[in-house]
Amino acid sequence: MSKADTHVQPRKQGLTRRQKRAVSRGIQYAVFVAALVALGVTADWGRLQNQFAQADLAKELFPDIITLALRNTVLYTLSGFVFGLVLGMVIALMRLSPVGPYRWLAGLYIEFFRGLPALLIFIFVGVAVPLAFPGTEIPGGTYGKVALALGLVAAAYMAETIRAGIQAVPKGQMEAARSLGFSHARAMVSIIIPQAFRIVIPPLTNELVLLFKDSSLVLFLGVTLEERELAKFGRDLASESANSTPILVAGLCYLLVTVPLGFVVRRLEAKAGEATK
């Protein structure tokens with residue numbers, strides 16, 4: 001048998017995994033671009049502009065949409081966040097308590113308020129509370145009601161976040177503090193909780209973004225013209241003008257706050273990831 005007969009032709013190799021992934025991504029990008037082009041070609045941009053982008057109508061919204069609506073939205077959000085943070089801390093500590101009834105009450109609260117839609121909480125605060133306690137007023141008027149409604153919802157989520165942060169702190173920190181003569185309460189306040197908050201800052205900031213959007217439910221409390229937030233402000237002016245431009249502008253105002261906050265969340269998460277390496 002000759003050398004030529006024994007020579008085996010090399011087998012042709014197919015695409016590598018990396019090449020297959022590159023081809024797959026290319027196909028996905030091509031489909032995405034094709035879909036955008038199809039939407040751009042088939043959409044009636046003239047009608048959309050007439051309904052959502054009337055420049056003259058948008059100019060009329062300023063400065064009230066910033067000085068009134070956006071300001072109220074920010075105040076509502078911050079009041080609900082502060083109340084929710086304080087209540088969430090209490091619930092988290094109850095959740096970690098060695099006393100059984102405290103843990104059960106905290107667990108019941110978390111499951112109850114996480115399971116209910118925020119809309120029902122606003123209706124409860126605006127309707128059920130005045131009916132149950134005639135003649136009583138929630139301090140702070142509308143701002144107090146919003147702080148209570150948003151805070152009750154936020155506290156359920158914040159409590160679990162804070163609890164996870166406290167449990168993420170190494171147990172040796174508490175043991176070292178107790179060996180130095182710290183009481184359990186003082187060690188928690190001075191050492192454990194500050195470290196826990198550094199861990200949970202990103203998810204708490206994300207909760208702030210969610211509360212900012214949930215503040216649109218304030219309209220179910222029956223606010224006055226001076227107490228309107230962005231969603232209510234945009235909807236009222238859209239009804240008056242029979243045009244949706246105010247709603248679009250209100251949505252862009254939401255993005256003025258949520259997009260920077262989202263960037264802050266990503267930066268905080270990246271720093272937290274670097275710190276754990």
K.L.:
Quick one: pull up CG in Leu237 and OG in Ser244 and give me the separation to the nearest 0.5 Å.
P.N.:
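So the CG of Leu237 and the OG of Ser244 are separated by 12.0 Å.
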
K.L.:
Considering only heavy atoms from C-beta outward, does the side chain of Phe81 approach that of Met158 to under 4.5 Å?
P.N.:
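Yes; the side chains approach each other to less than 4.5 Å.
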
K.L.:
With salt bridge (Lys or Arg N to Asp or Glu O under 4.0 Å) as the rule and sequence neighbours excluded, what pairs involving residues 166-185 come up?
P.N.:
none

K.L.:
Under 4.5 Å between any side-chain heavy atoms of Ser24 and Gln28, yes or no?
P.N.:
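Sidechains of Gln28 and Ser24: in contact.
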
K.L.:
Can any side-chain N or O of Asn50 pair as donor or acceptor with the backbone N or O of Gly46 at less than 3.5 Å?
P.N.:
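Not at all, since once roles are kept as given, no pair shorter than 3.5 Å links the two residues.
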
K.L.:
Would you list the pairs meeting salt bridge (Lys or Arg N to Asp or Glu O under 4.0 Å) in which at least one residue belongs to residues 224-234, sequence neighbours left out?
P.N.:
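For residues 224-234, and leaving out neighbouring residues, the salt bridge (Lys or Arg N to Asp or Glu O under 4.0 Å) pairs sorted by first residue read Arg228-Asp236, Lys232-Asp236.
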
K.L.:
Does Thr245 use its side chain to pair, donor to acceptor, with the backbone of Gln54 at less than 3.5 Å?
P.N.:
yes

K.L.:
Below 4.5 Å, heavy atoms only, C-beta onward: do Ile166 and Met188 meet side chain to side chain?
P.N.:
yes

K.L.:
Are Phe197 and Phe83 connected in a single hydrophobic cluster, I mean Ile/Leu/Val/Met/Phe/Trp/Tyr linked by side-chain heavy atoms less than 4.5 Å apart?
P.N.:
no

K.L.:
For residues 106-129, which side-chain N or O atoms pair as donor and acceptor with protein atoms under 3.5 Å away, sequence neighbours left out?
P.N.:
unit_1	atom_1	unit_2	atom_2	d
Tyr109	OH	Leu152	O	2.8
Glu111	OE2	Arg114	NH2	3.2

K.L.:
Quick one: are Leu85 and Ile162 in side-chain contact, heavy atoms under 4.5 Å?
P.N.:
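Leu85 vs Ile162: side chains touch.
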
K.L.:
Hydrophobic cluster membership, with links at side-chain heavy-atom distances under 4.5 Å among I/L/V/M/F/W/Y: are Tyr254 and Val223 in one?
P.N.:
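Yes, because Tyr254 and Val223 connect within a single hydrophobic cluster, where side-chain heavy atoms sit under 4.5 Å apart.
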
K.L.:
If you measure from CD1 on Ile192 to CG on Leu96, what distance do you get to the nearest 0.5 Å?
P.N.:
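Spacing of CD1 (Ile192) from CG (Leu96) equals 11.0 Å.
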
K.L.:
Would you find a donor on one side and an acceptor on the other, under 3.5 Å apart, between the side chain of Glu60 and the backbone of Leu57?
P.N.:
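Here the side-chain-to-backbone pair does not exist.
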
K.L.:
Output the distance between atom CD1 (Ile65) and atom CZ (Phe233), rounded to the nearest 0.5 Å.
P.N.:
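Going from CD1 on Ile65 over to CZ on Phe233, the span is 5.5 Å.
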
K.L.:
How far does CG of Leu150 sit from CG of Leu78, to the nearest 0.5 angstrom?
P.N.:
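With rounding to 0.5 Å, CG (Leu150) is 10.5 Å from CG (Leu78).
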
K.L.:
Can you name the closest pair of heavy atoms from Ile199 and Ala168 and give their distance?
P.N.:
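That closest heavy-atom pairing would be CD1-CB, 3.9 Å.
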
K.L.:
Write down the atom of Pro203, the atom of Thr161, and the distance for their closest heavy-atom approach.
P.N.:
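It is CG-CG2, 3.7 Å.
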
K.L.:
Taking all heavy atoms of Val169 and all of Ala196, pick out the closest pair and write down the distance.
P.N.:
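Shortest heavy-atom contact: CG2-N, 3.8 Å.
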
K.L.:
Do Gln195 side-chain atoms and Ile191 backbone N/O form a donor-acceptor pair below 3.5 Å?
P.N.:
yes

K.L.:
Please lay out, stage by stage, how Arg47 and Gln51 fare under the test side-chain hydrogen bond (donor to acceptor under 3.5 Å, both in side chains).
P.N.:
CA-CA 6 Å; Arg47 293 183 64 183; Gln51 184 64 25; over 6 Å; no

K.L.:
Tell me whether Tyr102 at atom OH has more than 12 heavy atoms from other residues, nucleotides or ligands lying less than 6.0 Å away.
P.N.:
no

K.L.:
Taking Val74 as the starting point, is it possible to reach Leu256 by hopping between hydrophobic residues whose side chains are less than 4.5 Å apart?
P.N.:
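Leu256 does not cluster with Val74.
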
K.L.:
Give every residue pair that meets the salt bridge (Lys or Arg N to Asp or Glu O under 4.0 Å) criterion with at least one member in residues 240-250, sequence neighbours excluded.
P.N.:
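Passing the test, one end in residues 240-250: no pairs.
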
K.L.:
Got a list of side-chain donor-acceptor pairs under 3.5 Å for residues 204-220, not counting sequence neighbours?
P.N.:
unit_1	atom_1	unit_2	atom_2	d
Thr205	OG1	Ile201	O	2.8
Ser215	OG	Phe212	O	2.6
Ser216	OG	Lys213	O	2.9

K.L.:
Determine whether a donor-acceptor pair (N or O, by modelled atom type, separation under 3.5 Å) exists between the side chain of Thr67 and the backbone of Pro63.
P.N.:
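Checked: pair present.
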
K.L.:
Are Tyr29 and Leu36 connected in a single hydrophobic cluster, I mean Ile/Leu/Val/Met/Phe/Trp/Tyr linked by side-chain heavy atoms less than 4.5 Å apart?
P.N.:
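Unlinked, Leu36 and Tyr29 end up in two clusters.
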
K.L.:
Is it true that, when you exclude Gln49 itself, more than 12 heavy atoms of the residues, nucleotides or ligands shown sit nearer than 6.0 Å to its CD?
P.N.:
no

K.L.:
Just grab all the salt bridge (Lys or Arg N to Asp or Glu O under 4.0 Å) pairs involving residues 87-108, residues at least two apart or on different chains.
P.N.:
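The answer is Arg95-Glu160.
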
K.L.:
Among the clusters formed by ILVMFWY side chains lying less than 4.5 Å apart, do Ile247 and Leu255 turn up in the same one?
P.N.:
no

K.L.:
For Tyr157 and Val153, which heavy atoms make the closest approach, and how far apart are they?
P.N.:
CD1-O, 3.3 Å

